[in-house]
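Notes follow once the structure below has been shown.
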Amino acid sequence: MTLTFHPDRKIAVGQVQDNCGYAPNYKFSGEYVDEFHRQLGTSQVRRNLIEIGIPGWLRREDALKLYELGHFADGDILEFGTNRGLSTFILANALKNSGRGGEIVTMELSPEISDEAKRNLSSRGMDKQVNFTVGDANNSCLKLVRQGRKFGFSFIDHSHAYEHMVSACKRLNELMLPGAFCVFHDYNDQRNTHRTGLGEVGTEYGVQAGIEDALNHRAFEFVGVYGCTGVYRRKPQRRGCTWWWQGLSWPTERR
């Protein structure tokens, strides 16, 4: 399957790309993947954030990218940061509408917030394929590693702290399948800095720096920036001069 990357959208820590609208990585017929994707693309927006009935902080471009990559992913989905379930709801629809089956494992530190997310998805009939996990993300990931779990897509939006991003990136090195996409929220944000040891603060983010320092860049490649998200992909296994995964060739286009 031919993929399109957007390496020209690469940014340095603390820089912002102003013209990073949604652009597909997969090829599909028409402007949208399907009807739900179209609904996201035409949803109401308030202060640049979509409003589809569940509280959250996603731009329209973020939501479109999550749905696209979740829809075409091979394997289960891993989510760092359930919050009230907005992104989980989008990913659950992507998984359901793809028809491939599988599971979303979503992690949330607060049991109260996780319960709220469960209610939001249950009331919409979208909780059947979701495994709601409560606890520290790193400990939750360690359990998944010990279980031998592997995932075909991941959304990372549980923390802005550098140290938490470093831990998440180290676990992604262990948990992601070849060819899997990883979407990092708040990557395209001017609050990103190189400073460490700040913890979770609203004025300085460590998302970009954590990725630079801890993601295995020999195994992962930069894909592009869409909305406020930065997208990376675990490189497929290589045989000869062609990228392969599960018997299918994966040539890539770059523009």
Side-chain angles (χ1 to χ4, degrees), residues 22 28 31-137 139-141 143-144 147 149 151-160 164 168 175 181-186 200 226-229:
Y22 170 72
F28 46 85
E31 186 176 359
Y32 299 107
V33 174
D34 57 22
E35 177 59 23
F36 188 87
H37 201 220
R38 185 194 68 78
Q39 291 175 15
L40 292 174
T42 56
S43 61
Q44 290 186 338
V45 176
R46 183 182 182 188
R47 297 179 181 176
N48 294 323
L49 303 175
I50 62 168
E51 291 191 328
I52 60 173
I54 300 176
W57 294 272
L58 290 179
R59 298 183 188 182
R60 182 177 286 162
E61 299 88 349
D62 307 339
L64 288 169
K65 181 53 60 182
L66 278 180
Y67 186 85
E68 176 203 351
L69 297 184
H71 185 278
F72 290 109
D74 280 321
D76 295 335
I77 292 174
L78 179 63
E79 181 180 45
F80 292 70
T82 314
N83 203 282
R84 271 76 182 178
L86 175 59
S87 54
T88 318
F89 175 69
I90 292 170
L91 292 171
N93 275 278
L95 192 60
K96 177 183 177 181
N97 294 337
S98 73
R100 71 176 186 273
E103 179 186 55
I104 298 171
V105 177
T106 181
M107 300 175 286
E108 173 58 49
L109 185 62
S110 166
E112 293 79 16
I113 293 177
S114 180
D115 286 343
E116 184 177 345
K118 281 184 188 178
R119 291 192 294 271
N120 284 331
L121 268 71
S122 178
S123 65
R124 292 164 173 81
M126 296 303 298
D127 60 326
K128 300 298 186 293
Q129 292 176 279
V130 182
N131 178 1
F132 293 90
T133 302
V134 176
D136 174 80
N139 290 334
S140 298
C141 283
K143 291 179 183 178
L144 294 170
Q147 293 167 7
R149 294 291 300 271
F151 295 87
F153 175 74
S154 183
F155 180 46
I156 303 90
D157 188 26
H158 66 311
S159 173
H160 302 118
H164 294 163
L175 290 167
F181 285 91
C182 300
V183 176
F184 295 88
H185 200 241
D186 294 311
E200 190 69 65
Y226 312 91
C228 76
T229 68

Residue pair T82, I113: steps toward the side chain to side chain contact (heavy atoms under 4.5 Å, CB included) verdict:
CA-CA 8 Å; T82 314; I113 293 177; 6.0 Å; no
Using the rule given for side chain to side chain contact (heavy atoms under 4.5 Å, CB included), can you reason through L95 versus E103, listing the C-alpha separation, both sets of side-chain angles and the distance that settles it, and then say yes or no?
CA-CA 8 Å; L95 192 60; E103 179 186 55; 5.6 Å; no
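Here the shortest heavy-atom pairing between G85 and I54 reads C-CG2, 3.8 Å. For the residue pair A94 and G70, the shortest heavy atom distance occurs at CB-C, 3.8 Å. Shortest non-hydrogen contact noted between P55 and L86 is O-CB, 3.6 Å. The shortest heavy-atom contact between N83 and A117 is O-CB, 3.3 Å. In terms of heavy-atom proximity, I156 sits nearest to C182 at CD1-CB, 4.0 Å. Across A73 and G152, no two heavy atoms sit closer than the pair CB-O, 3.7 Å.
Contacts of T229 classified as side chain to side chain donor-acceptor pair (under 3.5 Å), with partners at least two apart in sequence or in another chain: none. Taking the side chain to side chain donor-acceptor pair (under 3.5 Å) definition, one finds that S154 meets it with nothing, sequence neighbours left out. For R38, the side-chain contact (heavy atoms from CB on, under 4.5 Å) partners two or more places apart in sequence, or in a different chain, are Y32, E35, T42. The side chain to side chain donor-acceptor pair (under 3.5 Å) test applied to N120 returns no partner, not counting sequence neighbours. Under the rule for a ring pair (Phe, Tyr, Trp, His ring centres under 6.0 Å), F151 has no partner lying at least two apart in sequence or in another chain. Residues satisfying the side chain to side chain donor-acceptor pair (under 3.5 Å) criterion with S123, sequence neighbours excluded, are absent altogether.
Taking OG of S159 as the start and CZ of F80 as the end, the distance is 11.5 Å to the nearest 0.5 Å. The OG1 atom of T88 sits 3.5 Å away from atom CD of E79, with the distance rounded to the nearest 0.5 Å. Remark: F36 CZ to N97 CG distance equals 7.5 Å, nearest 0.5 Å. Taking CD1 from I90 and CZ from F155, the interatomic distance works out to 8.5 Å, rounded to the nearest 0.5 Å. T106 OG1 to F89 CZ: the interatomic distance, rounded to the nearest 0.5 Å, is 14.5 Å. A distance of 8.5 Å separates CG in L121 from CG in N93, rounded to the nearest 0.5 Å.
In this structure, the side chains of L144 and L78 come closer than 4.5 Å at one or more pairs of heavy atoms. Between V33 and F72, the closest side-chain pair of non-hydrogen atoms falls below 4.5 Å. Counting only heavy atoms from C-beta outward, the side chains of D157 and S87 never approach each other to under 4.5 Å.
In this structure a side-chain-to-backbone donor-acceptor pair under 3.5 Å is present from R100 to H71. S43 places a side-chain N or O within donor-acceptor distance of the main-chain N or O of L40, the cut-off being under 3.5 Å.
Applying the salt bridge (Lys or Arg N to Asp or Glu O under 4.0 Å) test to every pair with at least one member in residues 54-70, sequence neighbours left out, gives these pairs: K65-E68. Pairs of residues two or more places apart, or lying in two chains, never qualify as salt bridge (Lys or Arg N to Asp or Glu O under 4.0 Å) while including a residue from residues 86-98. Sequence neighbours left out, the pairs with a member in residues 107-126 that pass salt bridge (Lys or Arg N to Asp or Glu O under 4.0 Å) are R84-E116.
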Return a table of donor-acceptor pairs under 3.5 angstrom between the side chains of residues 126-136 and protein atoms on other chains or two or more places apart.
from	atom 1	to	atom 2	distance (Å)
Q129	NE2	G102	O	3.2
D136	OD2	N138	N	3.1
D136	OD2	N139	N	2.9

Pairs of donor and acceptor atoms involving the side chains of residues 44-51, under 3.5 Å and at least two apart or interchain, shall be tabulated with distances.
none

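Using cut-offs of 30° and 60° for the angle between ring planes, the Y67 and H37 rings count as parallel.
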